[in-house]
2 protein chains.
Amino acid sequence: MNLPPLVQAFVLHFGEMGSRWGINRTVGQIYALLYVSPAPLNADQIVEALGVSRSNVSMGLRELQGWNLAVPKHVPDDRRDHFTTPGDVWEILRVLAEERKKREVDPTLSVLRELLMQAPASEAERHAQARMAEMHGLIEQLTNWYEDVKKLETERLAQLLALGSRVARLVEATDKVVSLGRRKKKE
Amino acid sequence: MNLPPLVQAFVLHFGEMGSRWGINRTVGQIYALLYVSPAPLNADQIVEALGVSRSNVSMGLRELQGWNLAVPKHVPDDRRDHFTTPGDVWEILRVLAEERKKREVDPTLSVLRELLMQAPASEAERHAQARMAEMHGLIEQLTNWYEDVKKLETERLAQLLALGSRVARLVEATDKVVSLGRRKKKE
DNA sequence: CCGTGATTTCAGTAATTCCTGAAAATTCAG
DNA sequence: CTGAATTTTCAGGAATTACTGAAATCACGG
């Protein structure tokens, strides 16, 4: 690997980090490299930059494409495929959230739904199902919220983030209004 | 493994899922088992339920404790350690978010900060740093928001979730008020 | 079609991670 | 203390995952 020190440090860090996620070192490094690269890179350039085998890069790129984290970019007068990452970091965030949800949350949700349909055959199963229902409920709330929020344009999303803790007060205020409307059912 | 079918399906699913996260199959299974168990379990009960070695359970439990996802629970008149998961699913969510942030986000944030301090030695490095700055900015915004939100009590958090897309309107409204206050700087 | 360059596949190997059983350490009652 | 019960450690083997080089496939200009 022969890269400017700053870039190299970044790439190596993503390689390490990759292991803490599901992705392997090479995939992490490829992503990092594409992310900081000023122009799209072809596979051979990646090979040279990272010092891994051509086939490894091929597989890594394929995986990144599966995650929508690397997109092929056609360069005129060049037969080779070139790749970039989605340019806008917000876009990357969206892609990541979406993919992780798809891979890590949705399958669980569907298993839970299925298990909750079955009739419990014992006290142990009744209890287990109750716990599963709790988990299912929480995950569903979270994903519903996510589905809503992901529709927001980036600008609104940024505002929402910027609001931070003030959201709390906003929610409290809303709560009060609602409570009053309901004639202070609780509290 | 000899468990009620419902429980077994749940446990096996978490075992599979474990691999998609960083955790291994056994750890995922132990967690799932503790989660649906009506009472705290000791290591030998887990061994019997899952059909894995005693030492494997020991290591798994240790890892779960590191994640704060298994907590020892003393059972009177029994020398053996018993374990449960944090009971409230919201609590579990908090723990998970906190731990994942600590392991997956904070290290990256600190590397980015470090790299951004260095003076770029070339045009390539200047560009790379600009990209890193973008990423750093986004992550910082997200973690700030998270730090704020995690302070909310569970009830408020639930309200916030329930609000869902309506948050968008709330934010828009806030935006307008602010804009008016600023004499419609933009738009 | 053919040939050239680019990419992908895949079988084999390297590296890593997981799991086990045996041994060591710890804990605590007597 | 001693010894039984329990837990932890750890070296080595099993299983999984990552990586490579060679060969196959693909894409396209001529």
Side-chain angles (χ1 to χ4, degrees), chain A residues 1 11-12 14-34 40-67 69-84 103-104, chain B residues 1 11-12 14-34 40-67 69-84 103-104:
Chain A
M1 193 187 300
V11 164
L12 289 179
F14 264 69
E16 297 295 314
M17 230 42 200
S19 331
R20 303 213 187 175
W21 297 36
I23 62 186
N24 67 41
R25 191 164 65 258
T26 309
V27 172
Q29 292 185 351
I30 295 176
Y31 176 76
L33 183 64
L34 292 179
L41 299 179
N42 65 44
D44 286 320
Q45 293 174 304
I46 298 172
V47 166
E48 194 185 1
L50 302 182
V52 297
S53 76
R54 182 52 234 269
S55 46
N56 198 4
V57 168
S58 178
M59 292 191 293
L61 281 172
R62 158 180 300 231
E63 183 165 353
L64 283 174
Q65 282 176 278
W67 282 85
L69 283 178
V71 295
K73 192 103 184 179
H74 193 68
V75 169
D77 295 333
D78 194 334
R79 265 173 64 182
R80 292 166 298 179
D81 267 340
H82 289 237
F83 294 88
T84 348
R103 287 154 211 248
E104 300 181 359
Chain B
M1 194 186 303
V11 165
L12 289 180
F14 264 69
E16 296 296 315
M17 230 43 198
S19 331
R20 302 211 188 176
W21 298 36
I23 62 187
N24 66 42
R25 191 164 65 258
T26 308
V27 171
Q29 291 185 351
I30 294 175
Y31 176 77
L33 182 64
L34 292 180
L41 299 179
N42 65 43
D44 286 320
Q45 294 174 303
I46 298 172
V47 166
E48 195 185 0
L50 301 182
V52 297
S53 76
R54 181 54 234 268
S55 46
N56 199 3
V57 168
S58 177
M59 293 191 291
L61 281 172
R62 158 179 299 230
E63 182 164 354
L64 283 173
Q65 282 176 277
W67 282 84
L69 284 178
V71 294
K73 192 104 184 178
H74 194 67
V75 170
D77 296 334
D78 194 334
R79 262 175 67 184
R80 292 167 299 180
D81 267 342
H82 289 237
F83 294 88
T84 351
R103 287 155 210 248
E104 300 181 358

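Computed from heavy atoms alone, side chains included, the values below leave out hydrogens, waters and symmetry copies. Numbered from 1 within each chain, the chains take letters A, B, ... in sequence-line order.
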Problem - Residues in salt bridge (charged side-chain N to carboxylate O under 4.0 Å, His left out) contact with B/R79, at least two apart in sequence or another chain - result: none
Problem - Identified side-chain contact (heavy atoms from CB on, under 4.5 Å) counterpart of B/L61 within the set B/L41, B/V27, B/L34 - result: B/L34
Fill in the blank from the handout: Sorted by number, residues from residues 70-78 of chain A placing a heavy atom under 4.0 Å from DNA chain C are none
Practice task
Could you list the residues that satisfy salt bridge (charged side-chain N to carboxylate O under 4.0 Å, His left out) with B/E48, not counting sequence neighbours?
Solution key: none
Problem - Spacing between A/L50 atom CG and D/dA18 atom C1', to the nearest angstrom - result: 15 Å
Fill in the blank from the handout: Expected list for residues 52-63 of chain B near DNA chain C, using heavy atoms below 4.0 Å, is B/V52, B/S53, B/S55, B/N56, B/M59
Completion exercise
Sorted by chain and number, sequence neighbours left out, side-chain contact (heavy atoms from CB on, under 4.5 Å) with A/V75 holds for A/D78, A/H82
Completion exercise
One should read off an interatomic distance between A/I30 CD1 and A/E63 CD, to the nearest 0.5 angstrom, of 9.0 Å
Practice task
Starting at atom CG of A/L41, determine the distance to atom P of C/dT7, rounded to an integer number of angstrom.
Solution key: 13 Å
Completion exercise
On DNA chain C, more 5' by nearest nucleotide between A/S19 and A/D44 is A/D44
Exercise for the section: Applying side-chain hydrogen bond (donor to acceptor under 3.5 Å, both in side chains), name anything that partners A/R20, two or more places apart in sequence or on another chain. Expected result: none
Handout entry: Length of the CD1-P vector between A/I46 and C/dA6, whole Å
Key = 15 Å
Exercise for the section: Go through the structure and list residues passing side-chain hydrogen bond (donor to acceptor under 3.5 Å, both in side chains) with B/R62, not counting sequence neighbours. Expected result: none
Exercise for the section: Under 4.0 Å from any atom of DNA chain D, heavy atoms only: list the residues of residues 23-31 of chain A that qualify, in numerical order. Expected result: A/N24, A/R25, A/T26
List every contact pair, protein side and nucleotides 26-30 of chain C side both N or O, where the distance is under 3.5 Å.
residue : atom : partner : partner atom : Å
C/dT27  : O2   : B/R79   : NH2          : 2.6

Practice task
Just jot down the salt bridge (charged side-chain N to carboxylate O under 4.0 Å, His left out) partners of A/E104, sequence neighbours excluded, or say none.
Solution key: A/R100, B/R100
Completion exercise
Rounded to whole Å, the CG-P distance (A/N42 to C/dG5) equals 15 Å
Exercise for the section: Drop me the distance from B/D77's CG to B/H74's NE2, to the nearest 0.5 angstrom. Expected result: 8.0 Å
Practice task
For residues A/Q29 and A/L12, determine if any side-chain heavy atom of one lies less than 4.5 Å from a side-chain heavy atom of the other.
Solution key: yes
Practice task
Mind calculating the distance between CZ (A/R80) and C1' (D/dC28) to the nearest angstrom?
Solution key: 15 Å
Show which side-chain atoms of residues 52-59 of chain B pair as donor or acceptor with protein atoms under 3.5 Å away, not counting sequence neighbours.
residue : atom : partner : partner atom : Å
B/S53   : OG   : B/S55   : OG           : 3.3
B/S53   : OG   : B/N56   : N            : 3.1
B/N56   : ND2  : B/T26   : OG1          : 3.1

Fill in the blank from the handout: To the nearest angstrom, the CZ-P distance between A/R20 and D/dT17 comes to 20 Å
Handout entry: Interatomic spacing from NZ in A/K73 to CG in A/N42 - rounded to 0.5 Å
Key = 15.5 Å
Handout entry: Partners passing ring pair (Phe, Tyr, Trp, His ring centres under 6.0 Å) against B/F83 (at least two apart in sequence or in another chain)
Key = none
